[in-house]
Protein chains: 2
Amino acid sequence: MFKPLDPLLHSQLRLAVMSLLLAVEEAEFTFLKEKTESTAGNLSVQLDKLEKAGYISIEKSFKGKRPLTTCKITQAGVKAFEDYVENLKNYIS
Amino acid sequence: MFKPLDPLLHSQLRLAVMSLLLAVEEAEFTFLKEKTESTAGNLSVQLDKLEKAGYISIEKSFKGKRPLTTCKITQAGVKAFEDYVENLKNYIS
DNA sequence: TAAATAGGTTTACATTATAAACTATTTTAC
DNA sequence: GTAAAATAGTTTATAATGTAAACCTATTTA
């Protein structure tokens with residue numbers, strides 16, 4: 001009936017990030033920050049957690065002279081998101 | 001885009017409780033405990049929070065000689081739940 | 001060259017979730 | 001009758017989480 005909800009996804013900011021990443025090839029840190037209206041500190045921490053869980057991959061490079069952080073959702077991330085949504089339906093329908 | 005999710009509802013156990021209460025006239029503590037597979041302590045705390053938020057009402061009485069705690073969802077609770085689900089859709093669709 | 005901006009990360013704090021321990025009463029077993 | 005177990009919860013302590021403030025490094029602007 002009520003299967004446990006993946007605690008990594010059951011978090012407002014991480015869920016928003018995953019939702020955004022599902023829709024695009026990849027996204028920059030600043031893009032995610034703007035879209036989610038989060039602080040950089042909070043976003044940084046949550047991206048770390050998602051990466052450690054294997055739900056996203058993070059690449060650090062440079063855009064001109066400035067650092068650039070780019071995020072991509074992984075296959076495992078897509079699967080986890082889908083499972084989460086499937087489970088969640090039992091709670092909200 | 002990503003409206004904040006009511007933190008009182010964005011919690012696995014409280015959401016499960018609200019989901020159950022939406023479907024019935026009223027429910028006993030033990031019923032909620034069994035359905036949610038939670039511990040009594042955790043359930044007790046979460047019911048308190050929902051009551052203090054005005055999302056449920058709690059009545060204490062006796063069933064025979066034993067204490068009986070009965071919960072009902074309030075109008076405000078129904079509204080909050082509906083809003084939560086509506087908001088959540090932006091995250092998971 | 002001082003101040004502001006960009007792009008983050010680290011750290012500290014406050015809030016939460018959760019289970020363990022506890023209370024009070026009742027039923028069952030001896 | 002009384003010791004042990006069960007019922008129905010509440011309170012308390014702890015661990016985990018979420019969040020923003022403070023910080024860092026480099027770059028651009030005044």
Side-chain angles (χ1 to χ4, degrees), chain A residues 2-20 26-53 55-72 80 84 87-88 91, chain B residues 2-21 26-53 55-72 84 87-88 91:
Chain A
F2 295 116
K3 289 188 193 158
L5 298 172
D6 183 344
L8 255 135
L9 294 183
H10 198 61
S11 138
Q12 186 160 325
L13 182 48
R14 288 196 298 270
L15 195 62
V17 166
M18 292 292 280
S19 181
L20 287 169
E26 56 180 37
E28 297 180 9
F29 185 96
T30 52
F31 171 83
L32 294 174
K33 180 170 176 298
E34 273 162 36
K35 286 293 181 182
T36 60
E37 293 173 81
S38 60
T39 60
N42 191 8
L43 183 56
S44 180
V45 170
Q46 306 313 326
L47 289 180
D48 249 35
K49 289 186 187 177
L50 288 173
E51 190 190 26
K52 266 161 198 158
Y55 292 177
I56 68 171
S57 65
I58 301 183
E59 256 216 26
K60 273 149 202 317
S61 59
F62 283 87
K63 183 206 255 177
K65 297 184 172 179
R66 285 159 178 276
L68 177 70
T69 299
T70 311
C71 305
K72 248 186 232 218
Y84 172 79
N87 277 211
L88 193 59
Y91 289 77
Chain B
F2 295 116
K3 289 188 192 155
L5 298 173
D6 183 343
L8 255 135
L9 293 182
H10 198 62
S11 138
Q12 185 160 325
L13 182 49
R14 288 196 299 270
L15 195 62
V17 166
M18 293 293 281
S19 180
L20 287 169
L21 290 182
E26 56 179 39
E28 298 179 10
F29 184 97
T30 52
F31 171 83
L32 294 174
K33 180 171 176 296
E34 274 163 36
K35 287 291 181 184
T36 60
E37 294 173 80
S38 61
T39 61
N42 191 8
L43 183 57
S44 180
V45 170
Q46 307 312 328
L47 289 180
D48 249 38
K49 290 186 187 176
L50 288 173
E51 190 191 25
K52 267 161 195 155
Y55 291 177
I56 67 171
S57 64
I58 301 183
E59 256 215 27
K60 274 147 203 316
S61 60
F62 283 87
K63 184 207 256 175
K65 298 181 170 179
R66 284 157 180 280
L68 178 70
T69 299
T70 310
C71 305
K72 248 185 232 221
Y84 172 79
N87 276 213
L88 193 60
Y91 290 76

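Throughout, protein chains are lettered first and strands after them, A, B, ... in sequence-line order, and every chain is numbered starting at 1.
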Using whole Å, what does the distance between atom [atom2] of nucleotide [N] and atom [atom1] of [X] come to?
{"X": "A:Leu5", "N": "C:dA17", "atom1": "CG", "atom2": "P", "value": "13 Å"}
{"X": "B:Glu28", "N": "D:dG9", "atom1": "CD", "atom2": "P", "value": "8 Å"}
{"X": "B:Leu47", "N": "D:dA8", "atom1": "CG", "atom2": "P", "value": "15 Å"}
{"X": "A:Gln46", "N": "D:dA20", "atom1": "CD", "atom2": "P", "value": "10 Å"}
{"X": "A:His10", "N": "D:dT17", "atom1": "NE2", "atom2": "C1'", "value": "12 Å"}
{"X": "B:Asp6", "N": "C:dT16", "atom1": "CG", "atom2": "P", "value": "11 Å"}
{"X": "A:Phe31", "N": "C:dG7", "atom1": "CZ", "atom2": "C1'", "value": "17 Å"}
{"X": "B:Leu68", "N": "C:dT25", "atom1": "CG", "atom2": "C1'", "value": "15 Å"}

Nucleic acid contacts - residues 33-45 of chain B versus DNA chain C, non-hydrogen atoms under 4.0 Å: B:Thr39, B:Gly41, B:Asn42, B:Val45

Does [N] have OP1 or OP2 sitting under 4.0 Å from an N or O in the side chain of [X]?
{"X": "A:Lys49", "N": "D:dG18", "value": "yes"}
{"X": "B:Arg14", "N": "C:dT16", "value": "no"}
{"X": "B:Thr30", "N": "D:dA8", "value": "no"}

A:Tyr91 (side chain) donor-acceptor with A:Lys3 (main chain) under 3.5 angstrom: yes

Polar side-chain atom of B:Thr36 near backbone of B:Leu32 as donor-acceptor pair, under 3.5 Å: yes

[X] vs [Y] side-chain heavy atoms within contact, under 4.5 Å:
{"X": "B:Lys63", "Y": "B:Glu28", "value": "yes"}
{"X": "A:Leu50", "Y": "A:Ile58", "value": "no"}
{"X": "B:Gln46", "Y": "B:Lys49", "value": "yes"}
{"X": "A:Asp6", "Y": "A:Asn87", "value": "no"}

Bend angle of the helix from C:dT1-D:dA30 to C:dC30-D:dG1, from helix axes over five pairs at each end, nearest 10°: 10°

Residue met sooner reading DNA chain C from 5', once A:Asp48 and A:Lys63 are mapped to nucleotides: A:Lys63

Can you tell me how far the [atom1] atom of [X] sits from the [atom2] atom of [Y], to the nearest 0.5 Å?
{"X": "A:His10", "Y": "B:Leu5", "atom1": "NE2", "atom2": "CG", "result": "8.5 Å"}
{"X": "A:Cys71", "Y": "A:Glu26", "atom1": "SG", "atom2": "CD", "result": "9.0 Å"}
{"X": "A:Ser19", "Y": "A:Leu9", "atom1": "OG", "atom2": "CG", "result": "11.0 Å"}

Given D:dT10, C:dG8, D:dA8, the nucleotide with the shortest approach to the side chain of B:Lys60: D:dT10

Heavy-atom closest pair, residues A:Ile56 and A:Met18: CG2-SD, 3.8 Å

Test item: side-chain donor near acceptor, B:Lys60 and B:Thr69, under 3.5 Å: yes

Given A:Leu13, A:Leu20, A:Leu15, the one that forms side-chain contact (heavy atoms from CB on, under 4.5 Å) with B:Phe2: A:Leu20

Sugar-phosphate or base contact per nucleotide [nucleotides 23-30 of chain D; S, B, -; heavy atom under 4.0 Å]: ----BS--

